[in-house]
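Take a look at the structure below.
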Amino acid sequence: MRKKIIGLMMLAAVTVSAAACGGKGETSTEQSQETAAGSQQEAQETAEKTEEAENGENMGPVRIATKPMTEQYILGEILKEVIESSTDYTVEVTKGIGGGTSNIQPAMEKGEFDLYPEYTSSGWVMVLGHSQDKPSDEEMFQQLKQEYEEKFNMTWLGLYGFNNTYTMVASKEAADKYGLENTSDLEEVAGELIFGGNPDYLEREDGFKMVCDAYGLEFKKVMDIDIGLKYQALTNGDIDVTNGYTTDAQIGSGAVKALKDDKNVQVNYLCSTVVRQDALEKYPGLEEALMKMDGLFSDKEMAELNYQVEVEGRDEQEVAHQFLVEKGVVEE
């Protein structure tokens, strides 16, 4: 690299000499000097960019983890393209970590990953252990940042713009048979139904237990099902009710029924990036790249992306790229 810089600067010096010898009069000399100065500056900038690129390659990839669900796969691809299009760094995405937050957070603490997309109430309850009695969304976000920085040397960057909160989802058969419209409709028939939920939801304080307590629900059986398999189990008849998310593609398919949270028990799950502080220090420009995710989505847009992958069978990388092009974040 040092030889490249010296060579480029010598070339600029030769240009200065040649321009000075060929000049006629004061104006010609000034123009030649300006041209030479521009060439020298351009050579230096080129050398600096080359050095930055080489440094980015030598740092190793930025490591991203995602939970085992379509939405997170898409977000992982979006984060990857945003970072790689904005910096000289490469990105490595590990998709579908089983157990979600329960296993990703410990891996983040060990330094196995640099960042991952997370939801505010998941961090609030699952990681920090706070009760479901929460402050406003803005106050929670600021406290999340503060506590993550103090306890884990991590922080939260930006809010993507969509709210992926929980909703009770019944199979079409169960909904038709028992006339299910609201979550409160489950109270009288829960004893005849099987509930299947992902580990995060069953374990968290503001999840399954809170809803059951609020609505007086006692299911016939409760099963632990991987987050990526619960809708298949629902449509196969293995379970009757599961926990869904408001941006789930399957909710619009007609094969399942999302029940209205008529007691407004569920809380907001605003998506953001949790990132290690040492990663921000190691990769200059990473924070600026990640902040391009701030306000990028609406609930509807996220649900549409999920639909394209889950129902239409499109590749999540292709869907992510098209979305970023449409948003003007990257070029075609």
request  = Write down the atom of Ile97, the atom of Ala65, and the distance for their closest heavy-atom approach.
outcome  = CG1-CB, 4.2 Å

inquiry  = According to ring-ring contact (aromatic ring centres under 6.0 Å, His included), does anything in residues 255-280 pair up with another residue at least two apart or in another chain? List the pairs.
reply    = Tyr166-Tyr269

task = Using modelled atom types only, decide if a donor and an acceptor are shared between the side chain of Tyr215 and the backbone of Lys263 within a distance under 3.5 Å.
result = yes

query = Looking only at atom types and distance, does a side-chain atom of Asn306 sit under 3.5 Å from a main-chain N or O of Met302, one as donor and one as acceptor?
reply = yes

query = Ion pair present between Glu181 and Lys257, side-chain N to carboxylate O less than 4.0 angstrom?
reply = yes

ask   = Looking at Pro117 and Gln72, what are the two nearest heavy atoms and their distance?
value = O-NE2, 3.2 Å

request  = Return yes if some donor-acceptor pair links the side-chain N/O of Glu312 with the main-chain N/O of Val309 below 3.5 Å, else return no.
outcome  = no

query = Thinking salt bridges, do Glu316 and Lys95 make one under a 4.0 Å N-O criterion?
reply = yes

remark   = Closest heavy-atom pair, Thr87 versus Ala289, reported as atoms and distance to 0.1 Å, is CG2-CB, 4.3 Å

query = Does a donor on one side chain and an acceptor on the other come within less than 3.5 Å for Ser121 and Arg204?
reply = no

Exercise: do Ser184 and Glu187 side chains pair donor with acceptor under 3.5 Å = no

request  = Walk me through it: do Leu270 and Tyr119 pass the test side chain to side chain contact (heavy atoms under 4.5 Å, CB included)?
outcome  = CA-CA 5 Å; Leu270 308 177; Tyr119 307 90; over 6 Å; no

ask   = Does atom NZ of Lys172 have more than 12 heavy-atom neighbours, drawn from other residues, nucleotides or ligands, at distances under 6.0 Å?
value = no

key: Enclosure of Lys177 NZ (heavy-atom neighbours >12, cutoff 6.0 Å)   = no

ask   = Would you say Val265 and Leu186 are hydrophobically clustered, going by side-chain heavy atoms of ILVMFWY under 4.5 Å?
value = yes

Residues 219-230 side chain polar contacts: donor-acceptor under 3.5 Å, at least two apart:
residue: Asp226; atom: OD1; partner: Gly228; partner atom: N; Å: 2.9
residue: Lys230; atom: NZ; partner: Asn243; partner atom: O; Å: 2.4

Modelled atom types, side-chain donor and acceptor of Gln143 and Glu147, under 3.5 Å = yes

message = Between Ser272 (side chain only) and Gly158 (backbone N and O only), is there a donor and an acceptor less than 3.5 Å apart?
response = yes

query = Hey, what's the ring geometry for Phe162 with Tyr160, parallel, tilted or perpendicular (30° and 60° as the breaks)?
reply = tilted

ask   = Is Ile251 reachable from Ile74 through a run of I, L, V, M, F, W or Y residues, each pair having side-chain heavy atoms under 4.5 Å apart?
value = no

message = Take a 6.0 Å sphere around CD of Gln317 and say whether it holds more than 12 heavy atoms from other residues, nucleotides or ligands.
response = no

query = Looking just at side-chain N and O atoms, do Thr247 and Glu71 make a donor-acceptor pair shorter than 3.5 Å?
reply = yes

key: ILVMFWY network linking Tyr245 to Tyr73, side-chain heavy atoms under 4.5 angstrom   = no

query = Can you pull the ring-ring contact (aromatic ring centres under 6.0 Å, His included) pairs that have at least one residue in residues 311-332, sequence neighbours excluded?
reply = Phe297-Phe323

ask   = Within a reach of under 6.0 Å around CD of Glu331, are more than 12 heavy atoms found that belong to other residues, nucleotides or ligands?
value = no

ask   = Should we say atom CD of Glu318 is surrounded by more than 12 heavy atoms from elsewhere, each under 6.0 Å from it?
value = yes

note = Closest non-hydrogen contact found for Leu144 with Thr120 is CD1-O, 3.7 Å

ask   = Do NZ/NE/NH1/NH2 and the carboxylate oxygens of Glu109 and Arg276 come within less than 4.0 Å?
value = no

inquiry  = For a side chain to side chain contact (heavy atoms under 4.5 Å, CB included) check, start with the C-alpha distance between Glu84 and Lys80, then their side-chain angles and the critical distance, and finish with the verdict.
reply    = CA-CA 6 Å; Glu84 290 186 339; Lys80 180 178 188 294; 3.1 Å; yes

query = Are Glu326 and Gln322 close enough that a side-chain donor and a side-chain acceptor fall under 3.5 Å?
reply = yes

inquiry  = Could you go through Thr235 and Ser171, starting from their C-alpha distance and side-chain angles, then the distance that decides it, and tell me whether this counts as side chain to side chain contact (heavy atoms under 4.5 Å, CB included)?
reply    = CA-CA 6 Å; Thr235 55; Ser171 66; over 6 Å; no

ask   = Less than 4.5 Å apart, any side-chain heavy atom of Glu188 and any of Tyr178?
value = no

message = Does either side chain, that of Asp299 or that of Asn163, offer a donor lying less than 3.5 Å from an acceptor on the other one?
response = no

inquiry  = Around atom NZ of Lys327, are there more than 12 heavy atoms from other residues, nucleotides or ligands closer than 6.0 Å?
reply    = yes

ask   = Any side-chain donor-acceptor pair under 3.5 Å between Thr70 and Glu310?
value = yes

message = Side-chain heavy atoms nearer than 4.5 Å, only ILVMFWY residues, links allowed to pass through others: does that put Leu157 and Tyr283 together?
response = yes

